[in-house]
Structures are given as structure tokens and as C-alpha cells.
Amino acid sequence: MPRLAILTAILLLSSLRSSRGQLQVGFYAGLCPRAEDIVRTVVTGAFLNNPSVAPALLRLHFHDCIVDGCDGSILVRTPAGQQENRAFGHQGLRGQSIIDDAKAQLELECPGVVSCADIVALAARDSVVLSNGPFYLVETGRRDGFVSSVVDASVVPEVSDPIEVLLIKFAQKGLTAQDLVVLTAAHTIGTTACFFMTGRLYNFQGTRRPDPSINPMFLGTLQAICPPGGNGNVRLAIDNGSGQFFDAQFFSNIRAGFAVLQSDAALYSHPATRPFVDFYAVDPASFAQDFALAMVKLGRIQRVTAGHVRRVCSSVV
Ligand code: HEM
């Protein structure tokens with residue numbers, strides 16, 4: 001294990017020892033000893049087949065946690081209705097079938113023991129590691145929720161949200177301005193669909209002009225990939241030039257006007273977030289370490305105590 005990863009693991013272990021919640025590192029050690037190995041094997045297999053599953057699974061964990069806590073509710077798809085995943089901000093979520101695969105194997109190994117929410121959290125960590133990001137210990141012991149409602153999903157951050165709104169949405173979940181910057185830098189891997197770019201490229205805040213924070217040398221590139229009236233499902237890397245690897249280029253891109261998403265560019269527009277962008281741009285080791293810590297914090301949002309362990313992740317029944 002590289003030195004940075006070992007250091008991160010030690011730091012996290014010591015910070016986790018002080019936590020006295022129901023969540024704990026190694027929750028399944030006695031109940032289902034191979035649980036974490038099974039998730040890792042399934043995620044690794046899917047990643048080797050298609051590396052784009054890593055950002056998909058990382059995003060899935062964020063979207064699960066930000067609405068009603070990390071309770072697996074984002075996975076619910078049947079019976080078809082007004083579930084959480086129907087919200088606009090959740091569009092493009094992928095990777096649910098990988099969670100279903102892991103769950104099916106876990107049900108054979110230890111039926112009714114491992115929650116869907118925990119599988120999502122573990123899969124996110126494994127995805128970070130597979131993308132050359134930091135290793136961290138995942139607290140487990142989450143319960144799956146009984147509710148998955150599109151109405152609750154209004155708290156999901158939107159690309160067009162002003163920075164003040166993003167700060168409030170994160171604060172409502174106990175996340176600081178620094179957490180906002182560090183966690184949003186998950187965009188160091190992955191892609192976006194053009195339909196999330198339309199406002200920024202052609203009608204920024206109703207001005208009928210592009211977002212002025214886009215570097216003029218980059219604007220033409222973005223507009224060529226996402227032309228007006230073009231196919232909104234065309235995808236482009238969110239971290240321009242480094243979309244497959246977990247690194248700190250994301251911050252340099254923001255500073256240079258090469259951010260792709262409007263909400264990423266907005267991180268450089270506010271005194272509460274801008275200093276962190278500057279700091280992490282020149283200190284990748286701190287970014288890796290703080291990202292690991294912030295992911296543990298994300299995983300603790302609104303812990304569901306009155307839940308259960310679903311047998312099938314895609315259905316609450
Ligand atoms: C400021 C709040 C955020 C906003 C507005 C936002 C918005 C978006 C949007 C619009 C996409 C493109 C989705 C698509 O077209 O499929 C995306 C992708 C992604 N987001 Fe975020 N996001 C935010 C924060 C986060 C956080 C905190 C994480 C994780 C900790 C995260 C992880 C990801 C990942 C990994 C992708 C790439 C997904 C893929 O390649 O399929 N995002 N985000």
C-alpha cells in the first residue's frame with residue numbers, strides 16, 4: 001500500500017475510534033466476514049469491463065446520502081412511481097445494476113444481513129481506489145429506508161444553483177464550505193451529459209450569453225461538443241484533460257476557467273470556497289487525505305436507525 005494511503009488509513013482509524021454511533025468500521029466482520037471482499041470483487045470486475053462505472057458508483061453514494069441520509073433509497077425503481085431517482089438532479093445516475101449484482105451474491109452468502117446502503121458506500125470507496133484515489137475505511141451498519149420519494153429530492157444540488165444555495169444545501173446536511181469543495185472534487189472523474197451544460201453555454205442566468213467565467217479558449221471547445229439544439233445526451237469529461245484519474249487537476253481547471261459544470265466554476269466565485277480551490281490546486285496530498293475524511297462524513301449523514309435490510313435493493317417492498 002503506498003505511504004499516503006497508509007497514513008490516510010491510520011488517521012481515519014484514529015478519528016473513527018472516537019465515534020460512538022451505530023456505524024462502525026468492520027460492522028460485518030462477524031456477521032458476514034466476506035461482505036467487503038464480495039463488493040470489491042463485483043465492483044472490480046465491472047470496472048475492468050468498463051472504467052466509467054467508478055464515477056457512476058461514486059455519484060450514486062452522494063445522491064443516496066444527500067436525500068434523507070444514506071439509506072439506499074436512491075436504488076428504488078420498482079414498482080415504477082414517483083421515487084427519489086425521478087428528480088431532475090438525479091438524471092444520468094448509473095451503476096444500480098452493479099449494486100444489484102453485489103446484493104444478489106451477498107444474499108447467497110449471508111441472507112438478509114448486508115444493507116443496500118452499505119453496499120453503495122463500499123462500492124463508492126472501491127471506485128475511488130480503482131481510480132487511483134485514496135483508500136479509506138468505510139463505516140458500515142446502515143439500515144435501508146422504507147421511503148423513496150421524488151418530493152424529498154428537492155434538496156439535491158443543481159448545476160444552476162448559485163453558490164449561496166449550494167452552501168446552504170450542504171450546510172443543511174452538516175457539511176461545511178470546505179466539504180462542499182472537497183466532495184464536489186469527486187468530479188475529478190466522470191462525465192456529464194450536454195443537457196446539463198445548456199444554460200451555462202447559451203443562456204447563463206437568463207442573459208442569453210455564456211457564463212463569463214469560461215475561459216474564451218475553452219468556450220469554443222465546449223460549444224462544439226454541445227451545440228445549441230444538439231444531442232443533449234452526448235457526454236464529456238467533467239475534469240477536462242484528466243477525466244479518468246483521481247487527481248487535483250480539477251482545481252487547476254477551475255482556476256484557469258476550464259471548469260465544465262457551472263456549479264464547479266461557482267466554487268471559485270465565493271470567499272468561503274475560493275481559498276480551498278487555491279489550496280488543493282497546489283497540494284494534491286492534502287486533497288486526497290481530506291477527500292477521504294469528507295467521504296466518511298458524507299456516509300454519516302442522517303443515519304437511519306428505524307430501517308431494515310432490504311432483500312432486493314431496487315424495491316422497498
Ligand atoms: C455541488 C454539488 C453538485 C452538483 C450540482 C453536481 C452535479 C453533477 C452533474 C450535473 C453531473 C453530470 C451527471 C450526468 O450527466 O450523468 C455530475 C456527475 C458526477 N458527480 Fe456531481 N454534483 C455535485 C456534487 C457531487 C458530489 C459531492 C459528488 C461525490 C462525492 C459527486 C460525484 C459525481 C460524479 C463522480 C459524477 C460523474 C458521474 C458519471 O460519470 O456518471 N458530485 N454531478
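Whatever order the structure lists ligands and atoms in, that order sets their numbers, starting from 1. Every value quoted in this text rests on a predicted model; they were computed, and no experiment measured them. The basis for the numbers below is simple: all heavy atoms, side chains too, and nothing from hydrogens, waters or symmetry mates. Throughout, residue positions are numbered sequentially from 1 according to the sequence presented.
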Worksheet item: In this structure, are over 12 heavy atoms from other groups packed under 6.0 Å from R209 atom CZ?
Response: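 No, CZ of R209 has 12 or fewer neighbouring heavy atoms, counting only those of other groups under 6.0 Å.
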Worksheet item: Would you say R235 touches ligand 1, if touching means a heavy atom closer than 4.0 Å?
Response: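 Per 4.0 Å heavy-atom rule, R235 contacts ligand 1.
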Worksheet item: Do H187 and D239 meet the criterion of a side-chain donor-acceptor pair at a distance under 3.5 Å?
Response: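 Distance-only check fails for H187 and D239.
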Item to complete: For ligand 1, find out whether one of its N or O atoms is nearer than 3.5 Å to an N or O atom of T191.
Response: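 Yes.
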Worksheet item: Between G92, A193, A185, S131, which one has a non-hydrogen atom sitting closest to atom 15 (O) of ligand 1?
Response: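 Among G92, A193, A185, S131, the closest heavy atom to atom 15 (O) of ligand 1 belongs to A193.
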Worksheet item: Heavy atoms only: which of L180, L167, L57, L183 is nearest to atom 30 (C) of ligand 1?
Response: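 It is L183 that holds the nearest heavy atom.
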Excluding sequence neighbours, so at least two apart, what forms ring pair (Phe, Tyr, Trp, His ring centres under 6.0 Å) with [X]?
X    : result
F204 : none
H270 : none
F276 : none

Worksheet item: Is a donor on one side and an acceptor on the other found under 3.5 Å between the side chain of D101 and the backbone of Q105?
Response: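 No, because the side chain of D101 does not come within donor-acceptor range (under 3.5 Å) of the backbone of Q105.
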Discussion item. So does T176 get a backbone contact from the side chain of D179, meaning a donor-acceptor N/O pair under 3.5 Å?
Written reply: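 At least one qualifying donor-acceptor pair exists.
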Discussion item. As an exercise, identify every atom of ligand 1 less than 4.0 angstrom from a heavy atom of R94.
Written reply: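 Listed by number with element: 39 (C), 40 (O), 41 (O).
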Fill in: Sub-4.0 Å atoms of ligand 1 with respect to non-hydrogen atoms of V159
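Reading through ligand 1 atom by atom, the close ones are 5 (C), 10 (C).
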Worksheet item: Got the closest protein heavy atom to atom 12 (C) of ligand 1, with its distance?
Response: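 I find the closest protein heavy atom is T192 OG1, 3.3 Å.
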Discussion item. Considering non-hydrogen atoms of the protein only, which is the closest contact for atom 35 (C) of ligand 1, and what is the distance?
Written reply: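 Result for atom 35 (C) of ligand 1: P55 O, 3.2 Å.
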Fill in: Test side-chain contact (heavy atoms from CB on, under 4.5 Å) applied to C313 and L75, I74, V120, the passing residue
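With C313 as partner, L75, I74, V120 yield a single side-chain contact (heavy atoms from CB on, under 4.5 Å), made by L75.
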Item to complete: If the plane angle is over 60° it's perpendicular, under 30° parallel, otherwise tilted; pick one for F246 and F291.
Response: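 Correct class here is perpendicular.
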Worksheet item: Does the pair D100 and K103 meet the rule for a salt bridge (charged side-chain N to carboxylate O under 4.0 Å, His left out), with working shown?
Response: CA-CA 5 Å; D100 292 344; K103 178 64 171 174; over 6 Å; no
Worksheet entry | Within-2.8 Å protein N/O/S contacts of atom 21 (Fe) of ligand 1 |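 Those protein N, O or S atoms (cut-off: under 2.8 Å from atom 21 (Fe) of ligand 1) are H187 NE2.
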